[in-house]
Engineer: 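The structure under discussion is supplied below as structure tokens; questions concerning it will follow.
Computed over heavy atoms, backbone and side chain alike; hydrogens, waters and symmetry mates excluded.
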Amino acid sequence: MTALDSVIRALNDGGVIAYPTEAVFGLGCDPGNETAVMALLAIKQRPVEKGLILIAADYSQLLPYVNDTAIPQDKRAKIFASWPGHVSWVLPASTTAPKWITGQFDSIAVRVSAHPIVQQLCRAYGKPLVSTSANLSGQPSITDPVELEQSLGSLLSAIMPGALGGATQPSQIRNALTGDIVRS
């Protein structure tokens, strides 16, 4: 069984995985599986109210979670010009987006990643993944695979091997409707 096969099996079984992103290792799971998301939040020690980012191979994977018709035409070009890439956008959430993803918000943070491993994972899984940095809340993000294994390995169902993408900071998060930078 390949590493990709074991990671997909872990996702299908409701597990929490780690994988390389553009700048840091991420924790992920099936966004539609509340038990998996709660397990991820417990590992991260993060409150559900804060919401989570979804990461995808393409925008179509995000459509079940985003209220596409509520994105003004004049904002679309800037959003889509940044993808695939290293910018996460806060967009209006669909009415079916789970509260365990959106938290206390009526919006949802999403990104179409250019990282080849993220693309491969999301394509193989057939949907977006939850994406949050692999670390405890308030602690530095993990960029070393040995540190990832030592600090979180026993809590994870699988780790997707691979190199980080070369960015020096986690993705910028911008509010698509206001243009405000939520995280630089």
Side-chain angles (χ1 to χ4, degrees), residues 11 16-41 44 46-135 137 141 164-165 167-184:
L11 289 167
V16 176
I17 64 160
Y19 55 92
T21 70
E22 291 87 345
V24 301
F25 283 96
L27 295 180
C29 65
D30 178 348
N33 184 327
E34 184 177 8
T35 302
V37 173
M38 291 305 162
L40 180 148
L41 291 170
K44 182 124 173 117
R46 178 185 172 98
V48 69
E49 294 78 24
K50 286 180 114 177
L52 291 160
I53 295 174
L54 295 185
I55 195 166
D58 56 61
Y59 182 63
S60 66
Q61 290 188 326
L62 297 168
L63 287 173
Y65 304 91
V66 171
N67 182 353
D68 185 65
T69 59
I71 303 168
Q73 281 305 123
D74 64 325
K75 307 293 185 190
R76 297 172 87 78
K78 189 169 193 171
I79 295 165
F80 296 126
S82 73
W83 288 342
H86 193 53
V87 178
S88 297
W89 290 93
V90 176
L91 300 175
S94 71
T95 57
T96 57
K99 280 296 176 194
W100 57 83
I101 299 296
T102 60
Q104 64 185 346
F105 306 102
D106 57 5
S107 56
I108 188 165
V110 295
R111 178 166 88 250
V112 175
S113 176
H115 194 289
I117 292 173
V118 172
Q119 290 261 331
Q120 179 187 31
L121 267 174
C122 291
R123 287 194 202 294
Y125 195 49
K127 63 198 249 184
L129 298 175
V130 168
S131 184
T132 186
S133 57
N135 58 296
S137 283
S141 300
L164 299 178
T168 57
Q169 296 289 320
S171 70
Q172 182 183 78
I173 302 174
R174 298 187 70 115
N175 183 311
L177 303 184
T178 66
D180 293 343
I181 295 174
V182 179
R183 177 179 79 192
S184 56

Engineer: Cut-off 3.5 Å, side chains only: do S131 and Y19 have a donor facing an acceptor?
Structural biologist: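 Yes, Y19 and S131 have a side-chain donor paired with an acceptor closer than 3.5 Å.
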
Engineer: To the nearest 0.5 Å, what is the distance between CD (E22) and CD1 (I117)?
Structural biologist: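 Output value for this atom pair is 11.0 Å.
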
Engineer: Check whether any side-chain heavy atom of L52 sits under 4.5 Å from a side-chain heavy atom of L41, and report yes or no.
Structural biologist: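 They are in contact (side-chain heavy atoms under 4.5 Å apart), so the answer is yes.
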
Engineer: Once rounded to the nearest 0.5 Å, what's the spacing between atom CG of L62 and atom CG of L54?
Structural biologist: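 With rounding to 0.5 Å, CG (L62) is 6.5 Å from CG (L54).
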
Engineer: Could you tell me if the side chain of I53 sits less than 4.5 Å from the side chain of I173, heavy atoms only?
Structural biologist: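 Yes, close enough: below the 4.5 Å cut-off.
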
Engineer: Mind listing the closest non-hydrogen atom pair of L27 and A18 along with its distance?
Structural biologist: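 Closest pair (atom of L27, atom of A18, distance): CD2-CB, 4.2 Å.
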
Engineer: Does the side chain of T95 come within less than 4.5 Å of N67's, by heavy atoms?
Structural biologist: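 A side-chain contact is absent here, since even the closest heavy-atom pair is not under 4.5 Å.
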
Engineer: Got Q61 and V112 here, is their nearest side-chain heavy-atom distance under 4.5 Å?
Structural biologist: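 Contact flag for Q61/V112 side chains = no.
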
Engineer: Locate the shortest heavy-atom distance separating L40 from V16; write the atom from each residue and the value.
Structural biologist: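 Scanning both residues completely, I find the closest heavy atoms to be N-CG2, 3.6 Å.
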
Engineer: Given side chains that start at C-beta, do those of V130 and I101 come closer than 4.5 Å, heavy atoms only?
Structural biologist: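 A side-chain contact under 4.5 Å exists here.
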
Engineer: To the nearest 0.5 Å, how far apart are CH2 in W89 and CD in Q172?
Structural biologist: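 Spacing of CH2 (W89) from CD (Q172) equals 7.5 Å.
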
Engineer: Which heavy atom in L164 sits nearest to a heavy atom in H115, and how many Å separate them?
Structural biologist: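 Heavy atoms only, the tightest pair is C-NE2, 3.8 Å.
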
Engineer: Hey, does the side chain of R111 reach the backbone of I55 with a donor-acceptor pair shorter than 3.5 angstrom?
Structural biologist: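 Not at all, since once roles are kept as given, no pair shorter than 3.5 Å links the two residues.
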
Engineer: Hey, does L177 have a side-chain heavy atom less than 4.5 Å from the side chain of P92?
Structural biologist: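 Of all side-chain heavy-atom pairs linking L177 with P92, at least one is under 4.5 Å.
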
Engineer: Using a 4.5 Å cut-off on heavy atoms from C-beta on, say whether the side chain of K50 contacts that of K44.
Structural biologist: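 Sidechains of K50 and K44: no contact.
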
Engineer: Would you confirm whether W100, through its side chain, and P31, through its main-chain N or O, come within 3.5 Å as a donor-acceptor pair?
Structural biologist: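 Yes, W100 side chain to P31 backbone: donor-acceptor pair under 3.5 Å.
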
Engineer: Would you give the length of the straight line joining atom NZ of K99 to atom CZ of F105, rounded to the nearest 0.5 angstrom?
Structural biologist: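 Interatomic distance, K99 NZ to F105 CZ, rounded to 0.5 Å: 9.5 Å.
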
Engineer: Given 3.5 Å as the limit, does a donor-acceptor pair link the side chain of Q119 with the main chain of A57, or not?
Structural biologist: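 Flag set: sc Q119 to bb A57 pair under 3.5 Å.
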
Engineer: Would you say the side-chain atoms of D30 pair up with the backbone N or O of G32, donor to acceptor, closer than 3.5 Å?
Structural biologist: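 Yes: the side chain of D30 pairs with the backbone of G32.
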
Engineer: Please check: side-chain N/O of K127 versus main-chain N/O of A56, any donor-acceptor pairing under 3.5 Å?
Structural biologist: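 Checked: no pair found.
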
Engineer: Tell me whether S94 contacts the main-chain N or O of P64 through its side chain, where contact means a donor paired with an acceptor under 3.5 Å.
Structural biologist: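 Here the side-chain-to-backbone pair exists.
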
Engineer: Is there a donor-acceptor pair closer than 3.5 Å between any side-chain N or O of H86 and the backbone N or O of Q169?
Structural biologist: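 At least one qualifying donor-acceptor pair exists.
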
Engineer: Say you draw a straight line from SG of C29 to CE of M38; how long is it, rounded to the nearest 0.5 Å?
Structural biologist: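 If we round to the nearest 0.5 Å, C29:SG and M38:CE are 10.0 Å apart.
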
Engineer: Which heavy atom of Y65 sits nearest a heavy atom of P128, and at what distance?
Structural biologist: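 Closest approach of Y65 to P128: CE1-CG, 3.5 Å.
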
Engineer: Which distance, rounded to the nearest 0.5 Å, do you find between the OG1 of T21 and the CG of L121?
Structural biologist: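 The CG atom of L121 is 11.5 Å from OG1 of T21, to the nearest 0.5 Å.
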
Engineer: D68 side chain to I71 main-chain N or O, any donor-acceptor pair under 3.5 Å?
Structural biologist: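 Judged by distance alone, no pair lies under 3.5 Å.
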
Engineer: Write down the atom of P84, the atom of S113, and the distance for their closest heavy-atom approach.
Structural biologist: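 Minimum heavy-atom contact is CB-O, 3.5 Å.
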
Engineer: Do the non-hydrogen side-chain atoms of R76 and Q73 ever get within less than 4.5 Å of each other?
Structural biologist: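 Yes, side chains in contact.
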
